[in-house]
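Atoms within a ligand are numbered from 1 in the order they appear, just like the ligands themselves.
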Amino acid sequence: MSYTIKRFKDGQITASILTKGDLHISLRGNTYEDLFTAASIKDAWDAYHALEKSATTTLTLYCLIGQRSDRRFHEKESFDLKVITRFINSMRFDLVQILHPHSDVSLALIENAIQIDHFEYVQKTYHTIGNPVLVSPDAGAYKTSHSIAERLEANLIPSNKVRIDGKPMISIQGDVKNKECLIVDDIADGGRTFKLLAEELKNQGATKVFLYVTHAQFNYGFDEVKQSIDHVYCTNSYRDIEDPFVTQYEVI
Ligand SMILES: O=P(O)(O)OC[C@H]1O[C@H](OP(=O)(O)OP(=O)(O)O)[C@H](O)[C@@H]1O
């Protein structure tokens with residue numbers, strides 16, 4: 001099965017199916033354009049395979065747009081993940097695979113969805129560094145980090161971020177003195193959460209602090225995070241990064 005995509009000058013996308021067969025679309029999925037591209041391909045495929053009931057369709061998204069907006073943050077605001085997942089459901093794929101979603105809400109809202117595990121990337125990072133202590137940065141990350149630590153038979157130190165009078169305060173529940181630490185989480189947006197945590201880990205005696213995130217946005221660059229983090233490990237689910245400070249595992 002193969003297809004082509006044509007973009008008109010005004011941005012419109014048209015998909016054409018070249019050869020028949022099972023459909024598998026792999027995209028970052030981190031833009032609305034990616035989702036519309038998938039919808040065009042699926043529409044063309046459906047038309048061309050109307051009589052072929054046994055053919056299957058799979059959509060793989062490596063960095064689902066809106067995954068952090070997994071609730072209505074304010075009664076006057078849109079619930080963006082619900083809008084996005086409704087659109088995905090309207091395409092009617094037999095299977096939708098999502099790499100390391102921010103929370104289970106994405107999987108609950110998307111029909112026929114399964115998670116692509118990020119364990120292998122954390123495992124590679126863990127062995128490359130040489131068995132560091134894992135650190136989970138907040139309550140949201142604890143459950144996943146706990147399961148990863150068990151699978152790696154690694155030590156895990158939970159930490160938490162609370163705001164006191166608007167100022168972020170980090171609490172670390174364990175001894176990191178003279179230890180190398182690996183913070184593990186799903187997404188770096190600006191990276192401030194990890195910069196502050198790394199500073200506190202070093203204040204408490206950590207010798208080195210590394211960061212693993214599956215989805216590496218780093219929307220403000222690396223200057224700030226470089227001040228307290230020694231190296232970043234991530235996938236290229238969101239974008240390709242050319243920087244010696246970053247090791248990327250290619251997923252797309
Ligand atoms: O790079 P930064 O800008 O510091 O952001 C990164 C943090 O934000 C996300 O959590 P979020 O606060 O969305 O999680 P929540 O579901 O607990 O609100 C993500 O899981 C990281 O922990």
For ligand 1, is there an atom lying under 4.0 Å from some heavy atom of [X]?
X    : value
G191 : yes
G190 : yes
A188 : yes
R71  : yes

Does an N or O from D189, backbone or side chain, lie closer than 3.5 Å to an N or O of ligand 1? yes

Decide whether a cation-pi geometry holds between K124 and Y233; the criteria are a distance under 6.0 Å from NZ or CZ to the six-membered ring centre and an angle within 45° of the ring axis. no

Can you tell me if Q12 has over 12 outside heavy atoms packed within less than 6.0 Å of its CD? yes

Mode of [X] contact toward ligand 1 - side chain, backbone, both, neither (heavy atoms, under 4.0 Å):
X    : value
D138 : side chain
H102 : side chain
T193 : both
D186 : side chain

Any side-chain heavy-atom pair of V122 and T214 under 4.5 Å: no

Going by heavy atoms in the side chains, are L61 and Q97 under 4.5 Å from each other? no

Grab the two heavy atoms, one from G190 and one from Y220, that are nearest each other, plus how far apart they are. CA-CD1, 3.6 Å

Which residue owns the protein heavy atom closest to [atom], what's the atom, and how far is it?
atom                    : answer
atom 6 (C) of ligand 1  : I187 O, 3.3 Å
atom 22 (O) of ligand 1 : D185 OD2, 2.6 Å
atom 8 (O) of ligand 1  : R68 NH2, 3.2 Å

Is it true that R72 and D80 make a salt bridge, defined as a side-chain N closer than 4.0 Å to a carboxylate O? no

Heavy-atom distance from atom 17 (O) of ligand 1 to the protein below 4.0 Å? no

Side chain to side chain contact (heavy atoms under 4.5 Å, CB included) test vs V176 passes for just one of N203, L201, T207, namely L201

Less than 6.0 angstrom separating the ring centers of Y62 and Y238, yes or no? no

Sole residue of T60, T58, T57 in side-chain hydrogen bond (donor to acceptor under 3.5 Å, both in side chains) with H24: T60

